[in-house]
Amino acid sequence: MIPQLYDRLKSKRDSYLRRARVAAALTIPSLFPEEGQGSNDYYIPYQGTGARGVKSLASKILLALFPPNTPFFMMTVDEAVIGKEVPEATKGQIEEGLRVIERMVSSRIDQKAMRTEFFEALKQLLVGGNVLLNVRKEKLRVFRLDSYVLQRDGDGRLMTLIVREVVEKSTLPKKIQVLLPTNTGDLTEELTYVYTVVQRQPNGRYKVHQEAEGNIIPGTQSDYRSETLPWIPLRMITVDGEDYGRSYVEEHIGDLSMLENLSKALLEGSMAAARVLFLVKPNSTTKIKSLRDAVNGDFINGNADDVIPLQLNKFADFRIAKEKVNDLEQALAAAFMMTQSIQRDAERVTAEEIRVLTNELEATLGGVYSLLAQELQLPLI
């Protein structure tokens, strides 16, 4: 039942995954390798502007979302309850207690070293437009788009989420292992799929369980409120009516694709131009062997007019291509905020610097920061 549902939802995800792989090939290919690729089979881009842009923008978003050594949220007392449910005299004590909670949450994120996973998740968002986070007690896990499928309702709320992982059968509980087919010695038969299923119930709560080979794994069944669900599916750019998001790189795929093609042409042309060849006139008095065997400073018999260096004479063409490459790099640098930054090279940044950076991100990305605040920061808190 669940494998069939996964395959059915997978067909809706495939178009987003194909675009993510195209975007990754022009930026950071290892983020979304082609299906079946090994660790050494990644496409090698002819330019590094895409990779630098993704890492630059991801680091700026990370700094704005989770500034180091500073709480990224503020808890306040509702003014409507002051004097009614909360005495005016205790307001200061309550606010001081809330400040302690803010520092505890920020300290917890530092202790779990979550920023490394957040940085990886942001790169996945920028390139693929989607990423899934699993907030565990011990650590934070990041799942890329080819590991899960999902459904949302018309308001964008999660309805169904299925995560598929490949695990060794020996790691499963004994109760499940006895239900699985007997191994025949084939290494591929020692692996199986484990599905994590998250489904929204009519009462708004979420039921979660894991299963393998059609059998529910004991001890994995849980029930969560929507506010405490540890599975957080994120989107970069939302489109009304679509279950998945669009990526930021996808919006600039034209410039990146043209830059890739021009960079490839310039590189190949430069390599051809760098090759040194000499043409010698047939039946000339200058001997090719004498030229080849001569060392620096030697005297040989010959006529200078008999020897001509081979030249491409493509300088004007290369110059036009190089100017276009420069224009594309400047446009992409502005789009990925590689030339705009107020962050100082320091361990600490002020609240004003974070506020300015947040406004800059909001203006450049068009509301993406606000979406991440609602879909990432709030559930995480």
Side-chain angles (χ1 to χ4, degrees), residues 58-125 131-143 157-158 161 196 198 204-206 208 219-220 222-235 342-359 361-362 368-381:
S59 64
K60 287 180 172 60
I61 296 176
L62 179 64
L63 177 64
L65 289 174
F66 305 105
N69 304 314
T70 305
F72 60 91
F73 66 100
M74 178 177 291
M75 303 178 70
T76 60
V77 182
D78 189 351
E79 293 295 335
V81 301
I82 300 297
K84 298 179 181 179
E85 302 177 19
V86 178
E88 181 74 29
T90 62
K91 180 182 177 181
Q93 297 177 348
I94 295 176
E95 289 182 341
E96 179 58 30
L98 295 178
R99 299 293 85 77
V100 173
I101 296 176
E102 294 170 6
R103 292 191 292 270
M104 289 174 60
V105 173
S106 298
S107 176
R108 185 72 175 272
I109 290 177
D110 292 334
Q111 290 172 2
K112 289 188 176 183
M114 287 186 176
R115 284 184 173 81
T116 302
E117 282 76 17
F118 284 141
F119 185 65
E120 177 64 23
L122 289 172
K123 290 190 294 183
Q124 294 278 340
L125 274 178
V131 71
L132 176 66
L133 302 182
N134 181 214
V135 184
R136 299 183 174 186
K137 290 184 178 180
E138 62 277 7
K139 65 174 297 184
L140 176 72
R141 289 195 64 187
V142 179
F143 294 86
R157 293 174 298 186
L158 180 66
L161 169 68
T196 302
V198 180
R205 298 179 69 89
Y206 288 91
V208 181
T220 62
S222 304
D223 183 83
Y224 296 96
R225 301 195 316 273
S226 60
E227 298 86 358
T228 60
L229 182 67
W231 295 93
I232 306 177
L234 299 177
R235 300 169 290 173
I342 49 82
Q343 180 185 357
R344 292 179 292 109
D345 185 13
E347 294 183 358
R348 290 177 177 270
V349 289
T350 65
E352 177 63 17
E353 288 175 318
I354 297 299
R355 186 189 65 79
V356 173
L357 178 58
T358 300
N359 292 339
L361 287 169
E362 190 73 13
V368 170
Y369 176 81
S370 297
L371 179 65
L372 290 176
Q374 290 295 318
E375 294 193 352
L376 174 57
Q377 286 182 317
L378 192 57
L380 183 66
I381 295 170

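Note that the numbering runs from 1 along the sequence shown for the chain. Nothing here was measured: the structure is a model prediction, and the numbers come from that model.
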Leu372 and Leu122, any side-chain heavy atoms less than 4.5 Å apart: yes
side-chain contact (heavy atoms from CB on, under 4.5 Å) evaluation trace for Asn134 with Leu140: CA-CA 6 Å; Asn134 181 214; Leu140 176 72; 6.0 Å; no
From Leu133 atom CG to Glu120 atom CD, the distance as rounded to the nearest 0.5 Å: 11.0 Å
CZ on Arg115 to OG on Ser59, rounded to 0.5 Å: 13.0 Å
Full working for side-chain contact (heavy atoms from CB on, under 4.5 Å) between Leu65 and Phe118: CA-CA 10 Å; Leu65 289 174; Phe118 284 141; over 6 Å; no
For Arg103, all residues meeting side chain to side chain donor-acceptor pair (under 3.5 Å), sequence neighbours excluded: none
Parallel, tilted or perpendicular: rings of Phe72 and Phe66 (30°, 60°): perpendicular
Leu125 versus Val131, closest heavy-atom pair with distance: CG-CG1, 3.7 Å
Side-chain ion pair, Arg99 and Glu96, N-O less than 4.0 Å: no
Over all atoms of both residues, closest heavy-atom pair of Ser106 and Pro71: OG-CA, 3.1 Å
Side-chain heavy atoms of Leu132 within contact of Arg141, under 4.5 Å: no
Distance, nearest 0.5 Å, that separates CD of Glu117 from NZ of Lys139: 5.5 Å
Salt bridge (Lys or Arg N to Asp or Glu O under 4.0 Å) pairs, two or more places apart, involving residues 370-381: Arg235-Glu375
CA sep, side-chain torsions, deciding dist, call: Thr220, Thr196, side-chain contact (heavy atoms from CB on, under 4.5 Å): CA-CA 9 Å; Thr220 62; Thr196 302; over 6 Å; no
Closest approach of Val135 to Met114 (non-hydrogen atoms, all atoms of both residues): CG1-CE, 4.4 Å
Separation between CG of Leu161 and CD1 of Ile232, rounded to the nearest 0.5 Å: 11.5 Å
Sidechain-backbone polar pair: Arg225 side chain, Gly204 backbone, donor-acceptor under 3.5 Å: no
Phe119: partners by ring-ring contact (aromatic ring centres under 6.0 Å, His included), with sequence neighbours left out: none
Check against side-chain contact (heavy atoms from CB on, under 4.5 Å), Leu229 and Val208: CA-CA 9 Å; Leu229 182 67; Val208 181; 4.1 Å; yes
N/O donor-acceptor pair under 3.5 Å between Glu95 side chain and Val77 backbone: no
Straight-line distance of Leu234 CG to Gln124 CD, nearest 0.5 Å: 11.0 Å
Separation between CG of Leu62 and OG1 of Thr116, rounded to the nearest 0.5 Å: 9.0 Å
Ring centres under 6.0 angstrom apart (Tyr224, Tyr206): no
